[in-house]
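Just so it is clear, the model here is predicted, and its values are computed rather than measured.
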Amino acid sequence: MKERSAAINTASRRSAPAESTVLIIGGGIGGLASAIASQQVGVPAVVFERAPVLQEVGAGIGLGANGMYALAKLGIADAVKAVGSSVERIEIRGQAGDVLSVLSTGPLERERGVATTLVHRADLHAALAERLDADSIRLNGECIGFDQDETGVTVRLGTGKEVRGALLIGADGMSSAVRRQLWGNQPPRYAGYTSCRGILESGFVSLQEDTGFEAWGSGRRFGLFHINSGQAYWYATWNAPAGGAESGEPLKQRLQSLFQGWASPVPQALANTPAETLILTDICDRPPLPQWGRGRVTLVGDAAHPTTPNLGQGACMAIEDAVVLAQCLGGRSDRMTALRAYEDRRRRRTAGIVSASRRMGWIGQWENPFACALRNTALKLTPQRLARRRNDALLREAVAQLDG
Ligand SMILES: Cc1cc2nc3c(=O)[nH]c(=O)nc-3n(C[C@H](O)[C@H](O)[C@H](O)COP(=O)(O)OP(=O)(O)OC[C@H]3O[C@@H](n4cnc5c(N)ncnc54)[C@H](O)[C@@H]3O)c2cc1C
């Protein structure tokens, strides 16, 4: 797992942020993007991350054209492209390897200069972190609560310290402490299937560099993409009760048995992935919130609208949030009105993604062989232009939101 910690200090050893600062809780993709975007519009921002080092899990991530457009607004798209892999063709396949549907890079994406890009999460994270100076990221900075009043927000840290700022942004993920204090402690909503992710050397898989695929079987799916010139990334999903805890060799063997008989390169990818690097994650989301923030506090990314990964949009939405939030903060002197304006601009779009992604996962995980055969035939008969239209709408709306 790659990590970046050398230049970044712990929360307790740095000077206190100025009281006009935006305090961002969470140094994931959403938190770092929010800090960059805020600083770009002249609003000082500091990130508090609970972990002792800044790092991401050892997996790949796909950024759709809309996510890349948002990264371009942060000035990072080229850096991510340089360490990632652009995909020209995404196929949905049957488990026998038959191509059911193809989504190719379209004219709108070419016109905007953005294409779906796969990248190692650590490389995306590093590209974001590099845009922030060391003083903007405070490690060992777990938020355990906050108070707000007429003049600002006070965040209580796990170290016993308190920090004061003008606004608070909860970018602390699916189990956000900020969201919990605002809206209570409901558990995430399990989608009924779990996932495993792995990375391997790309030499082990026969797959054209500009092509990725997701194969659909009965109650199981398997996706594979290149993430740079030397590595490929795969993910697998299967229906299972929540809370599985297998790891290492037993997990690898389970995957090999779940995907036994699937067309190449699925078995090859599994066989050549080191068992100790496998990451098992239950797939969850949360129903959309009617209201995200209150007073001087708001949420971004998974803290606001965690989604299942079926559309590959969770991180894309977090980056879009960051850009829109900064636009609202930069454009208004009344900061609380700015937070509400941001939420108003983002709620409908993100709620649509959460429900479309959940629906897509539900269909993708069908188990009944007859229903699966019908589904795959319907997919084969669906004109490619419909898939293209859906994808274009996603980018078109991003352009409308992010261009201001
Ligand atoms: C299997 C899987 C595959 C996915 N694939 C894709 C994909 O291809 N494309 C895509 O766009 N999205 C994908 N996603 C979704 C994406 O990973 C998330 O939407 C994205 O990481 C959200 O970023 P975030 O910064 O909001 O939250 P997180 O990444 O969860 O970051 C939250 C950060 O806050 C920190 N933190 C938590 N609590 C506290 C606290 N109390 N105080 C301080 N810090 C705290 C955490 O340590 C963490 O660093 C996938 C998700 C999964 C599970």
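In this structure, CG on Leu394 lies 15.0 Å from CZ on Arg389, to the nearest 0.5 angstrom. Here Leu278 contributes atom CG and Ile199 contributes atom CD1; the two are 11.0 Å apart, rounded to the nearest 0.5 Å. If you take CD on Gln327 and CG on Leu325, they are separated by 9.5 Å, rounding to the nearest 0.5 Å. A distance of 5.5 Å separates CD1 of Ile137 from CG of Leu32, quoted to the nearest 0.5 Å. The distance from the CZ atom of Arg385 to the CG atom of Asp392 is 13.0 Å, given to the nearest 0.5 Å. Interatomic distance, Leu395 CG to Glu111 CD, rounded to the nearest 0.5 Å: 9.0 Å.
Under the rule for a side-chain hydrogen bond (donor to acceptor under 3.5 Å, both in side chains), Arg390 has no partner lying at least two apart in sequence or in another chain. Partners of Thr154 according to the side-chain hydrogen bond (donor to acceptor under 3.5 Å, both in side chains) rule, which considers only residues two or more places apart in sequence or in another chain, are Arg164. Under the ring-ring contact (aromatic ring centres under 6.0 Å, His included) criterion, Trp366 pairs with Trp362, sequence neighbours left out. Under the salt bridge (charged side-chain N to carboxylate O under 4.0 Å, His left out) criterion, Asp78 pairs with Lys81, not counting sequence neighbours. Residues that satisfy the side-chain hydrogen bond (donor to acceptor under 3.5 Å, both in side chains) test with Arg358, not counting sequence neighbours, are Asp285. By the side-chain hydrogen bond (donor to acceptor under 3.5 Å, both in side chains) test, Arg156 pairs with Asp147, sequence neighbours left out. Checked against side-chain contact (heavy atoms from CB on, under 4.5 Å), Ala318 has no partners two or more places apart in sequence or in another chain.
Between Leu23 and Pro17 the shortest heavy-atom distance is CD2-CG, 4.1 Å. Closest heavy-atom contact between Ala215 and Gly94: CB-O, 4.0 Å. When every heavy atom of Asn140 is checked against every heavy atom of Thr159, the shortest pair comes out as O-CG2, 3.7 Å. Closest non-hydrogen pair, Leu207 versus Phe213, comes out as CD1-CD2, 3.8 Å. Closest of all the heavy-atom pairs between Pro44 and Ser20 is CG-OG, 4.0 Å. Closest approach of Ala171 to Val300, counting heavy atoms only: CB-CG2, 3.5 Å.
A heavy-atom distance below 4.5 Å is not found between the side chains of Ile25 and Phe146. The shortest distance between side-chain heavy atoms of Leu63 and Ile319 falls below 4.5 Å. In this structure, Asn239 and Glu367 have side chains that are in contact, with non-hydrogen atoms separated by less than 4.5 Å. Counting heavy atoms from C-beta outward, Val46 and Val163 have side chains that stay 4.5 Å or more apart. For the pair Ile61 and Ile29, the minimum side-chain heavy-atom distance is below 4.5 Å. For the pair Leu157 and Arg138, the minimum side-chain heavy-atom distance is 4.5 Å or more. In this structure, Leu270 and Trp262 have side chains that are not in contact, with every pair of non-hydrogen atoms separated by 4.5 Å or more. At least one side-chain heavy atom of Leu224 sits under 4.5 Å from a side-chain heavy atom of Pro265.
A donor-acceptor pair is defined here as one N or O able to donate and one able to accept, closer than 3.5 Å; such a pair exists between the side chain of Arg179 and the backbone of Ala303. Side-chain atoms of Arg340 come within 3.5 Å of backbone N or O of Gly295 as a donor-acceptor pair. Listed for the Arg110 side chain is no donor-acceptor partner under 3.5 Å among the backbone atoms of Ala115. Between the side chain of Asp302 and the main chain of Gly314, no donor-acceptor pair closer than 3.5 Å is present. Under the 3.5 Å distance criterion, the side-chain polar atoms of Arg220 are matched with a main-chain donor or acceptor of Leu258. One N or O on the side chain of Lys252 and one on the backbone of Thr273 form a donor-acceptor pair closer than 3.5 Å. When atom types are taken as modelled, the side chain of Gln148 and the backbone of Arg296 share a donor-acceptor pair closer than 3.5 angstrom. Between the side chain of His125 and the backbone N or O of Gly27 there is at least one donor-acceptor pair closer than 3.5 Å. Thr151 places no side-chain N or O within 3.5 Å of a backbone atom of Asp149 that could act as its donor or acceptor partner. Side chain of Arg286 to main chain of Met174: a donor-acceptor pair is present (N/O by atom type, distance under 3.5 Å, no hydrogens or angles).
Applying the side chain to side chain donor-acceptor pair (under 3.5 Å) definition to pairs two or more places apart or across chains, those involving residues 199-216 are Glu214-Trp216, Glu214-Arg221, Glu214-Tyr235. Every pair passing side chain to side chain donor-acceptor pair (under 3.5 Å) that includes a residue from residues 27-53 is listed here, sequence neighbours excluded: Gln39-Ser136. Residue pairs meeting the ring pair (Phe, Tyr, Trp, His ring centres under 6.0 Å) criterion with at least one partner in residues 268-312, sequence neighbours excluded, are Trp292-His305, Trp292-Tyr342. Within the structure, side chain to side chain donor-acceptor pair (under 3.5 Å) pairs that include any residue of residues 59-72 comprise Asn66-Gln313, Asn66-Glu320, Tyr69-Arg112, Tyr69-Asp403 (at least two apart or interchain).
A donor-acceptor pair shorter than 3.5 Å cannot be found between the side chains of Ser85 and Asn228.
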Practice problem: Dump the intermediate steps for side-chain contact (heavy atoms from CB on, under 4.5 Å) on Ile227 and Val119, then the final yes or no. | Solution: CA-CA 5 Å; Ile227 52 170; Val119 64; 5.6 Å; no
Quiz item: Yes or no on side-chain contact (heavy atoms from CB on, under 4.5 Å) for Leu132 and Ile36, after CA distance, side-chain angles and deciding distance?
Solution: CA-CA 7 Å; Leu132 295 168; Ile36 297 166; 3.8 Å; yes
Self-check item: Trp183 vs Gln291, side-chain contact (heavy atoms from CB on, under 4.5 Å): CA-CA, chis, key distance, verdict
Solution: CA-CA 9 Å; Trp183 307 118; Gln291 189 184 336; 3.7 Å; yes
Practice problem: Applying side-chain contact (heavy atoms from CB on, under 4.5 Å), run through Met68 and Glu109 and close with a yes or a no. | Solution: CA-CA 10 Å; Met68 291 303 287; Glu109 290 159 342; over 6 Å; no
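Glu343 has no carboxylate O lying under 4.0 Å from a charged side-chain N of Arg294, or vice versa, which leaves the two without a salt bridge.
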Which side-chain N or O atoms in residues 99-108 pair as donor and acceptor under 3.5 Å with protein atoms at least two apart or in another chain?
unit_1, atom_1, unit_2, atom_2, d
Thr105, OG1, Val87, O, 3.4
Thr105, OG1, Glu88, OE1, 3.4

